[in-house]
Structure formats: C-alpha cells, structure tokens
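Structure record follows, encoded as structure tokens.
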Amino acid sequence: MSTLTTNYLTPTGREEAWRFTPLKRLGGLHNGTFKLATRNTLALTGSAPAGVTFERIGRELVSAESATDDVIVGRIHEAASEITVLKIAANTELAEPISLHRLAGGLMDAELSRVQLRIGANAKATVIIENSGDHLLAEDIEIICEPGSNLTVVSLQEWDSKTIHAGRQHAIVDRDATFKSIIVTVGGDVVRLLPTVEFKGQGASVELLGVYFATAGQFFEHRMFVDHLVPNAKSRVNYKGALAGQDAHTVWIGDVFIRAAAEGTDTYELNRNLLLSDGARADSVPNLEIETGEIVGAGHASTTGRFDDEQLFYLMSRGIAVEDARRLVVRGFFNEIVSEIGNAEIQDRLMTRIDQELEKAGAQ
Amino acid sequence: MSTLEIRGLKVSVDTENGPVEILKGVDLTIKSGETHAIMGPNGSGKSTLAYSIAGHPKYQITGGTVTLDGVDLLDMTVDERARAGLFLAMQYPVEVPGVSVSNFLRTAATALRGEAPKLRTWVGEVKSAMSALSMDPSFAERNVNEGFSGGEKKRHEIMQLELLKPKIAILDETDSGLDVDALRIVSEGVVRAKADNDLGVLLITHYTRILRYIKPDFVHVFADGRIVEEGGPELAEKLEANGYAEYVSK
Ligand SMILES: Nc1ncnc2c1ncn2[C@@H]1O[C@H](COP(=O)(O)OP(=O)(O)O)[C@@H](O)[C@H]1O
Ligand SMILES: [Mg+2]
C-alpha cells in the first residue's frame with residue numbers, strides 16, 4: 001500500500017473516463033495499492049545546450065500549473081517530492097532537439113514522476129522523450145508554452161512487453177504560441193495517455209499527432225482533451241493506429257470543448273485505425289462540444305477499416321509479394337505522422353519496429 | 001518469344017443477387033511483338049477481362065484457361081503473374097498513401113528482377129524513364145497516384161511499363177482522359193517498350209484515336225462479354241465510322 005492520505009474516489013470502471021481501461025492490469029496505479037518507488041528515471045541525454053536547464057527541484061519550489069480530475073495525476077501531484085524541470089530560456093532557438101530518456105525502471109514498485117517542460121517567450125525547440133525497458137510508471141508532464149514560443153514534443157513509448165504506463169501530457173499554450181505533440185506508442189502491456197491542451201492566450205496553434213500499434217493482448221489508450229477557453233485558437237488532432245492479434249485493444253478519445261468565449265476557434269480531429277486481424281478491437285470516440293456558433297471551423301472524422309484490397313492488388317500487380325505489399329501499405333499509413341518527427345534515425349527505428357510488429361502479427 | 005493464350009474464359013462477379021456472368025467465353029492469343037486492340041462499348045466487359053487475367057480477387061473464374069508460355073496463370077497469385085511477365089496498366093490506377101513513387105518502383109523492380117537494382121544505375125534508370133514521359137523529377141518523391149491528375153496517373157503507368165519490362169502488357173483505356181499532347185507522349189512510351197523488349201500488347205480502348213500512334217496488328221470487337229468480330233486495322237476504321245450500334249443490338 002502507498003502511504004497517500006488523500007481520499008480519492010477510486011475508479012470502478014463505470015466512469016466515462018475509465019470505461020475502456022482494464023483496471024486490473026494497472027498495477028494499482030488507480031487505487032493506490034502499489035508500493036511507491038524512490039527512483040526518478042528521467043534523464044537528459046548528453047548535456048544541456050546554452051539556454052537550457054535540466055534539474056530536479058523540491059516540489060515546494062514549483063507550483064502546479066494545472067488542475068486535474070484524473071486520479072492518477074492527482075496521486076502524482078501529491079506523492080512526488082521532486083519535480084523534474086526542463087527550462088528553455090526566452091528567445092532561445094535550438095537547431096538540435098533536446099533528448100530525454102528513461103533509465104532502468106522496474107515492475108515491483110511504482111514510480112510517480114512529475115515533470116515540467118517550460119519554453120520561454122519566442123523560443124523555439126524540439127524535445128524528444130525516449131521511453132524503453134519495463135516500467136511501472138505514472139507520469140505527469142506539464143508543458144508550459146509562453147507567448148510566441150514554438151515547441152515540439154516527441155514522446156516515444158517503445159516499452160518492453162510488461163510496462164504499465166499511465167500518464168498525462170498537459171500543454172498550457174499562451175498567446176501566439178505553437179505547440180506540436182507527437183506521441184508514438186508501440187510497446188508495453190497497458191499504456192494510457194492523456195494528451196490534453198489548455199489554451200491560455202489568443203492566436204495559439206496546437207497539433208496533436210500520434211501513432212500506435214497494438215498486437216495480441218496489448219492495451220493502448222490515448223484520450224485527448226482540447227479545451228478552447230479563449231478566442232482565435234487553432235487545434236488539429238490526427239492519430240493513426242494499427243491493431244493485430246487476439247485481444248489487441250486500442251482506445252482513442254477525442255474530446256474537444258469550444259467554450260462560449262472561444263469565438264474564432266478552428267478545430268479538426270481525425271482518428272484512423274487499421275484492423276489487421278480478427279480478434280482485435282479499436283474504440284474510437286470523437287466528441288465535439290460547442291458553446292458558440294462564431295467559429296471558423298469544427299469537425300471530426302473517425303474510420304476503422306481493414307487493408308484496402310485495391311491497394312494490395314495494385315502493388316502485387318507489380319510483382320510485389322503480399323507480405324511486402326502489406327508492409328508498404330502499413331508503413332505508408334504511418335508515414336504521414338512518423339515523417340513529422342523530423343529525425344531520420346528515430347523515424348527509421350520506428351519503421352523497423354512497425355515492420356516487426358507486423359511480422360509478429362503475421363506469425364499469429 | 002512469349003505467348004499469352006486465353007481459351008474459353010468465363011468470369012462472374014458476386015452481386016447482392018448472386019453471381020453475374022460478365023465474360024461469356026473469350027478466346028484470344030497474343031504473341032511477343034504483336035499489338036491487339038480490343039474495342040467495345042462501355043460495360044461490355046473489357047476491364048473485367050484485364051483484371052481477370054491479372055488476378056483481381058473480385059472476379060471469379062468459372063471456366064476456361066489463361067496460360068503464358070504454356071504455364072497456367074490462373075493458378076498463380078497476382079504477384080506471381082507479374083513475375084511471370086504480365087503487366088496491367090490500369091484504367092483507374094490506385095492511390096497508395098504514404099508510399100513514395102521511388103520507394104514503390106524500387107520495391108517492384110527488386111521483386112521482378114529477383115535482386116535490388118544497383119543504386120547508382122537505378123537512379124539514372126528512373127530519371128530517364130521519367131523524362132522520357134515528360135514527368136518532372138519531383139514525381140519520385142510524391143506518393144503513388146496520390147493527387148495525380150488523370151494524365152499523370154497514365155504517364156506513371158506507362159513509365160512502369162518501360163521500367164519493369166514485362167513480356168505481355170494489357171493497357172486498359174490508357175488513352176482515356178488524356179489531351180492530345182499527353183496521348184502522344186504516352187503512346188510513344190508504349191511504342192518504345194515494344195521496340196526495346198519485343199513486348200506483346202493487348203490495347204483496350206473505346207476510341208480509335210490512340211490507334212493512330214500505336215498501330216494494331218489485330219482488332220477485336222468486344223460486346224456483351226465476348227469477342228464478336230475480328231479483323232485487321234481496317235476494322236478500326238469501320239468502327240470509327242459506324243460505332244458499336246451494330247454489335248450492341250445483337
Ligand atoms: N461488382 C460488380 N457488381 C455487379 N456488376 C459488375 C461489377 N463489376 C462489374 N460489373 C458489370 O460488369 C460489366 C462489365 O464491366 P467492365 O468490365 O468494367 O466493362 P468495360 O470495361 O467494358 O466498360 C458491366 O455491366 C458492369 O456493370
Ligand atoms: Mg473499363
């Protein structure tokens with residue numbers, strides 16, 4: 001048992017936010033029946049460039065920037081004694097991405113990791129977070145984009161097969177800032193991520209991109225919430241997933257809220273799923289709530305389908321064997337988003353991983 | 001020297017009301033170096049013939065045989081037929097999102113040649129194939145058929161024909177949707193492929209205008225799922241003058 005005192009309402013699975021999640025497989029993260037680990041595994045790869053600091057700060061020195069109604073995030077805020085803070089100073093322009101990775105973790109006890117990424121006004125940077133190995137991890141990443149900044153965060157879940165990972169990546173996006181999130185989930189047993197956005201100033205623009213590939217038994221959930229609180233902000237969501245194998249299960253929830261004050265909002269969200277075998281299940285729920293009619297645009301689309309026979313026929317009619325044709329189609333399907341990462345080495349690695357997932361699926 | 005031999009070919013498609021027979025017994029023999037034009041009204045089954053020979057899963061073969069140099073094609077998968085030397089330029093080429101033309105071509109060439117082409121010579125090969133069809137080099141980086149105009153799709157098909165060097169090619173309405181310049185460019189590509197590789201061609205068309213550029217040795221009139229008349233190039237002249245009315249009313 002953890003020593004947390006706050007009396008949270010433990011999810012039962014009947015709540016809207018938890019109705020898809022296999023609570024029994026969450027390692028107790030949702031009900032506090034885990035042993036709290038003392039490790040803090042998030043590390044900077046290499047050294048910090050000029051204008052960038054990476055440090056651990058006592059929680060009393062950092063105020064929480066955002067509220068949450070997620071029980072796991074609540075536990076993190078209460079339990080984590082330190083906050084890992086990455087700061088990019090105002091007006092800093094970084095040509096090379098800043099890389100973070102996770103050191104060896106473990107499954108016996110749970111790491112509750114609290115992180116803040118803060119990019120100063122008019123700075124421009126890309127942050128890549130590489131997750132691998134087996135972890136029992138609850139993680140809250142607050143991303144604070146100050147006015148006029150431009151930040152891309154790439155989050156790679158290349159976990160080993162036993163990882164349990166529940167987390168939030170919450171962006172607070174101020175005036176005229178640009179934020180792009182790319183979340184890739186290709187490994188782990190249960191991964192439940194909340195990419196959420198809170199618009200703080202007008203003229204801001206956000207892109208939430210993601211890819212996931214679940215094979216037999218894996219559960220991957222991506223639950224967005226984009227809160228248009230202020231006028232004239234733009235959001236785009238595009239998630240693509242593939243599933244193969246018995247009980248592969250993915251969940252995509254796209255909640256977009258356009259509040260009464262948010263005139264001039266422009267939003268579009270898209271989720272596409274490729275079902276590569278029987279026995280897999282993709283849940284896809286776009287949800288748009290609109291409190292003002294004075295908007296530029298609001299739309300959503302969601303599709304779940306199998307291989308396109310015409311595409312396979314076209315490729316095979318050029319001599320390409322069926323497995324290679326499938327691989328091309330799947331790579332092409334993911335390429336639209338993977339190519340946005342902008343790092344050839346990582347893109348190649350992910351495409352190779354996607355090939356491997358497909359091969360695993362074919363062997364089943 | 002290659003021979004594609006179609007004997008008594010019958011083909012059905014599945015519909016809500018059960019299978020419907022589209023091809024009602026087609027006989028045709030095409031040899032290397034020959035050009036056969038198949039002409040017929042819309043809906044007569046020309047594309048069905050093309051797709052069935054190439055092995056599209058939508059079509060059920062209910063009778064007859066198709067062999068290439070004596071080997072049964074109908075027993076082969078789609079890719080095996082292509083590797084045996086068959087090529088189909090499609091009436092409606094398919095978009096493959098996220099797959100670049102250069103990646104697609106290299107994968108196809110690797111499959112057909114049994115080994116990856118040497119990178120240095122390959123790049124030159126693709127460049128010259130593209131410039132021969134007046135295609136901008138930037139095409140190589142675009143996704144297969146995605147956002148291509150009708151004419152660009154057809155140039156892309158014929159570029160593949162030149163690059164992949166099949167023994168027998170079926171061209172399904174390659175001329176449709178092309179303006180005069182594009183028609184000439186695409187036709188010259190077919191003529192080059194014939195000259196370079198002694199290609200046998202089955203040219204499916206609705207109109208006679210492409211036959212000014214690609215001279216047929218034989219013309220077959222197709223109506224209601226079978227060949228109803230055969231002759232030399234003069235038959236095309238007759239169709240030009242009289243249309244298909246005579247065959248449709250039968
Ligand atoms: N899936 C299908 N279901 C029902 N009828 C079909 C289907 N596919 C083709 N057909 C019919 O088969 C006939 C021949 O079509 P097609 O081969 O495309 O003709 P063409 O290429 O000569 O215009 C048409 O009457 C068409 O409506
Ligand atoms: Mg047709």
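Numbers restart at 1 for each chain; the letters A, B, ... are given by sequence-line order, proteins then strands.
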Around atom [atom1] of [X], are there more than 12 heavy atoms of other residues, nucleotides or ligands at under 6.0 Å?
{"X": "A/Lys124", "atom1": "NZ", "value": "no"}
{"X": "A/Arg223", "atom1": "CZ", "value": "yes"}
{"X": "B/Tyr92", "atom1": "OH", "value": "no"}
{"X": "A/Lys180", "atom1": "NZ", "value": "yes"}

From [X] [atom1] over to [Y] [atom2], what is the distance, rounded to the nearest 0.5 angstrom?
{"X": "A/Asn335", "Y": "B/Asn143", "atom1": "CG", "atom2": "CG", "answer": "7.0 Å"}
{"X": "B/Leu112", "Y": "A/Ile320", "atom1": "CG", "atom2": "CD1", "answer": "8.0 Å"}
{"X": "B/His56", "Y": "A/Asp309", "atom1": "NE2", "atom2": "CG", "answer": "7.0 Å"}

Exercise. Determine, stepwise, if the pair A/Leu328 / B/Asn103 fulfils side-chain contact (heavy atoms from CB on, under 4.5 Å).
Key: CA-CA 9 Å; A/Leu328 271 181; B/Asn103 186 12; 3.6 Å; yes
Exercise. Answer yes or no: is there a donor N or O on one side and an acceptor on the other, between the side chain of A/Arg318 and the main chain of B/Ala108, under 3.5 Å?
Key: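 Looks like no, no N/O pair under 3.5 Å.
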Self-check item: Heavy-atom contact with chain B under 4.5 Å, split by part of A/Phe313
Solution: both
Self-check item: Atom group of A/Glu310 that falls short of 4.5 Å from chain B, counting heavy atoms
Solution: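 Backbone plus side chain of A/Glu310, per the 4.5 Å heavy-atom cut-off to chain B.
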Is chain A contacted by the side chain of [X], its backbone, both, or neither, given a heavy-atom distance below 4.5 Å?
{"X": "B/Pro93", "result": "both"}
{"X": "B/Glu95", "result": "backbone"}
{"X": "B/Leu88", "result": "both"}

Quiz item: If every non-hydrogen atom of B/Arg83 is compared with every non-hydrogen atom of A/Gly319, which pair is closest and at what distance?
Solution: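 Smallest heavy-atom distance, with atoms named: NH1-O, 2.9 Å.
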Quiz item: What heavy-atom pair brings B/Pro97 and A/Gln311 nearest, and what distance separates the two atoms?
Solution: CD-NE2, 3.3 Å
Quiz item: Between B/Pro166, B/Pro57, B/Ala111, which shows the greatest number of heavy-atom pairs under 4.5 Å with chain A?
Solution: B/Ala111
Practice problem: Look at B/Val94, B/Thr107, B/Leu164 and state which one has the largest set of heavy-atom pairs under 4.5 Å with chain A. | Solution: B/Val94
Quiz item: Under a 4.5 Å cut-off applied to non-hydrogen side-chain atoms, are A/Ser317 and B/Arg81 in contact?
Solution: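 Not touching, per the 4.5 Å side-chain cut-off.
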